[in-house]
2 protein chains.
Amino acid sequence: MGTKDRSMSAARAKTQVPANTRAQWGTLSRSQIVAAATKAVKGGGYASMTIRSLAAQIGVSPMSLYRYVRDKDDLLDEVVDALLEEVWRPAASEDEWRAWIAEAADNLRRFLVREPAALRVYLVHPVVSKAALERMEAMLGVLGQAGLDNEAALSAYGAIHTYTIGFAAFEASRSRSVGSEPLAGDLAGRLASFSSPRQFGEGLGYLLDGISQAAENCAGRFSNASNASNASNASNAGQR
Amino acid sequence: MGTKDRSMSAARAKTQVPANTRAQWGTLSRSQIVAAATKAVKGGGYASMTIRSLAAQIGVSPMSLYRYVRDKDDLLDEVVDALLEEVWRPAASEDEWRAWIAEAADNLRRFLVREPAALRVYLVHPVVSKAALERMEAMLGVLGQAGLDNEAALSAYGAIHTYTIGFAAFEASRSRSVGSEPLAGDLAGRLASFSSPRQFGEGLGYLLDGISQAAENCAGRFSNASNASNASNASNAGQR
DNA sequence: CCAGACACGCGTACGTGTACGCAAGATGTG
DNA sequence: CACATCTTGCGTACACGTACGCGTGTCTGG
């Protein structure tokens, strides 16, 4: 999107002009809207990002946005893709598949919990944006290198993915509802333990243990290398 | 909730009287509202159950409901509890812990996918309704009987639970968005395979394999039975 | 029996996402 | 230049959940 003037009109309610002037021709573009939405989500957060406020921010009428955006979810998709792109990559080496996978899962989990808009997107439909696909391919690659054949890698990825999203949803929902109901006795504690980052690591550990076994079975008689773990490192899957 | 007359006024817009009459005193009660909402959700589905339509159905003004219900989510909680109560119990014997757990998880998954209202409730906050707690206790019991100590059972339950919800969310979201975007090539197939019931079983299998190992470690020197599946898992896998 | 307190049903109003279609600017064609 | 057509910004309007507070019905203490 070009370096247009912008000419300032934000909010458009408090201008000298009666404020009835419609915006210049060609002011809007999808990328500009996405950019504004991304900024709004980063500051302020998802809850405060309404179509109306976004339009006001840009200096345009709410309905104008719908020329470039199917609906709010469509807009969020793109925003979340931009945000995900910045955070999903693990720091671990791909050679240590278990650590790498655990970190990738944890990165996604933290992202989803931190950014409610992202969680919403992940819950409302499968995410097939650019960054999400890159991430999937990368994970499938690492899983393959761990000894899984294509089908098994797909299945393992699916399991890890849904577990991660499910956990993030649970964690977010819990943190959303602290202080609502008093919630008798040990129950509160139990719920809390379900949604700790530590518990995420443990559950993921179960999953990876099971996947390890599958990898061994896949490898079959081939003594496949790539087994940089399998012994004595099931612990500490990926906790912050 | 008594056997009051009801006197018919449903919709209240098309009565002989100018329709300005307010409803009788004491018509409303929480349980009646919940019952009406449950019926509305069973037929028609969640999407069509709006506060306004529900109120019309009962023959009362929308705002009247709020005397008995904090908000729509509060109402849904109770509705979903009633629905869950009917469907969560596995048919398998508790002695076969693996089959029992798998069936319990699958029952919940199917319920969540079939009933969007339930999925919503499970995603918006931790569910601590009566049926949900019963279910949790039952699962913890079976897990304990499988050889896990209290802490490990809790952790395993949490993992299974979040996996189940995550999977259901994914499956529902996918079925919700078929036909929207064309979605190039193998991607569609990949996504489809992620959300098949078969994939649910496989992922759960990974989880249960991991949990089995944990159970063995828990049992320690005790020779505990409980191993109804998996194979070929040598050493390793310290979790905790 | 009456006055005050309380319970209850509801009218009004707000902010939300967005369907529908109009009108004004841009662009093309004679 | 006149006119048709296409593009784009937007006004209006609707259904949604629900905050706020009013008026009416019921109950309770004097």
Side-chain angles (χ1 to χ4, degrees), chain A residues 1 4 6-7 9-13 15 17-33 36-37 40 44-77 79 116-117 120-121 124, chain B residues 1-2 4 6-7 9-13 15 17-33 36-37 40 44-77 79 117 120-121 124:
Chain A
M1 219 294 99
K4 268 307 173 58
R6 185 66 47 89
S7 82
S9 70
R12 113 189 287 209
T15 4
V17 206
N20 264 347
T21 60
R22 55 157 64 195
Q24 243 98 49
W25 236 79
T27 10
L28 254 35
S29 75
R30 179 165 175 113
S31 58
Q32 181 205 171
I33 295 173
Y46 165 56
S48 71
M49 202 278 268
T50 73
I51 290 287
R52 286 166 145 97
S53 72
L54 184 60
Q57 182 67 34
I58 300 179
V60 104
S61 151
M63 287 312 294
S64 301
L65 304 185
Y66 286 91
R67 272 295 159 201
Y68 303 89
V69 148
R70 185 156 8 103
D71 54 22
K72 200 183 177 184
D73 283 341
D74 179 32
L75 176 55
L76 280 184
D77 284 356
V79 169
R120 166 142 225 289
V121 165
V124 90
Chain B
M1 215 280 102
K4 267 310 172 55
R6 183 68 48 87
S7 81
S9 70
R12 109 189 289 210
T15 4
V17 207
N20 263 347
T21 60
R22 54 158 64 193
Q24 243 97 48
W25 237 80
T27 12
L28 254 36
S29 75
R30 179 163 175 116
S31 59
Q32 180 203 174
I33 295 174
Y46 165 57
S48 72
M49 202 280 268
T50 72
I51 289 287
R52 285 163 143 98
S53 71
L54 184 60
Q57 181 68 34
I58 300 179
V60 103
S61 152
M63 287 313 293
S64 300
L65 304 185
Y66 285 91
R67 264 309 149 194
Y68 303 89
V69 148
R70 186 157 6 102
D71 54 23
K72 200 183 177 183
D73 283 341
D74 179 30
L75 177 54
L76 279 183
D77 284 356
V79 169
R120 167 143 224 288
V121 165
V124 88

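These numbers were taken from a predicted model, which means no experiment stands behind them.
Formation of a donor-acceptor pair under 3.5 Å by the A/Q32 side chain with backbone atoms of A/T27 is found in this model. Of the possible polar contacts, none joining the A/R52 side chain to the A/P62 backbone as a donor-acceptor pair under 3.5 Å is found.
Counting only heavy atoms from C-beta on, B/R22 has its side chain closest to C/dC10 among C/dC10, D/dT18, C/dG21. Residue A/D71 has its side chain nearest to C/dT18 when only C/dC10, C/dG9, C/dT18 are considered.
Whole-Å rounding puts the B/Q24 CD to C/dC10 P distance at 10 Å. At whole-Å resolution of the value, CZ in A/R67 and P in C/dG21 are 13 Å apart. Taking atom CG of B/L75 as the reference point, atom P of D/dC16 lies 15 Å away to the nearest angstrom. To the nearest angstrom, P of C/dC14 lies 14 Å from CE of B/M63. In this structure, CG of A/L65 is placed 15 Å from C1' of C/dA19, rounded to the nearest angstrom.
Residue whose closest nucleotide on DNA chain C sits further toward the 5' end, between B/R52 and B/Y68: B/Y68. Checking A/R70 against A/W25, the closest nucleotide of DNA chain C that is more toward the 5' end is the one next to A/R70.
B/T50 has a side-chain polar atom (N or O) that falls below the 4.0 Å cut-off from OP1 or OP2 of D/dC16. Phosphate proximity of C/dG9 to B/T27: present, with a side-chain N or O under 4.0 Å from OP1 or OP2. At D/dT8, none of the side-chain N or O atoms of A/S64 fall inside 4.0 Å of OP1 or OP2 (strictly under the cut-off).
Stems are defined here as 3 or more consecutive Watson-Crick or G-U wobble pairs with pairing distances under 3.5 Å; those involving DNA chain C are C:1-30 with D:1-30.
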Please report the C-alpha distance between A/I51 and A/V69 in whole Å, then the side-chain angles of each, then the deciding distance to 0.1 Å, and finally whether the side-chain contact (heavy atoms from CB on, under 4.5 Å) criterion is met. CA-CA 11 Å; A/I51 290 287; A/V69 148; 5.7 Å; no
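In this structure, A/K72 NZ and A/D74 CG are separated by 13.0 Å, a value rounded to the nearest 0.5 Å. In this structure, CZ in B/R120 is found 10.0 Å from CG in B/D77, a value given to the nearest 0.5 Å.
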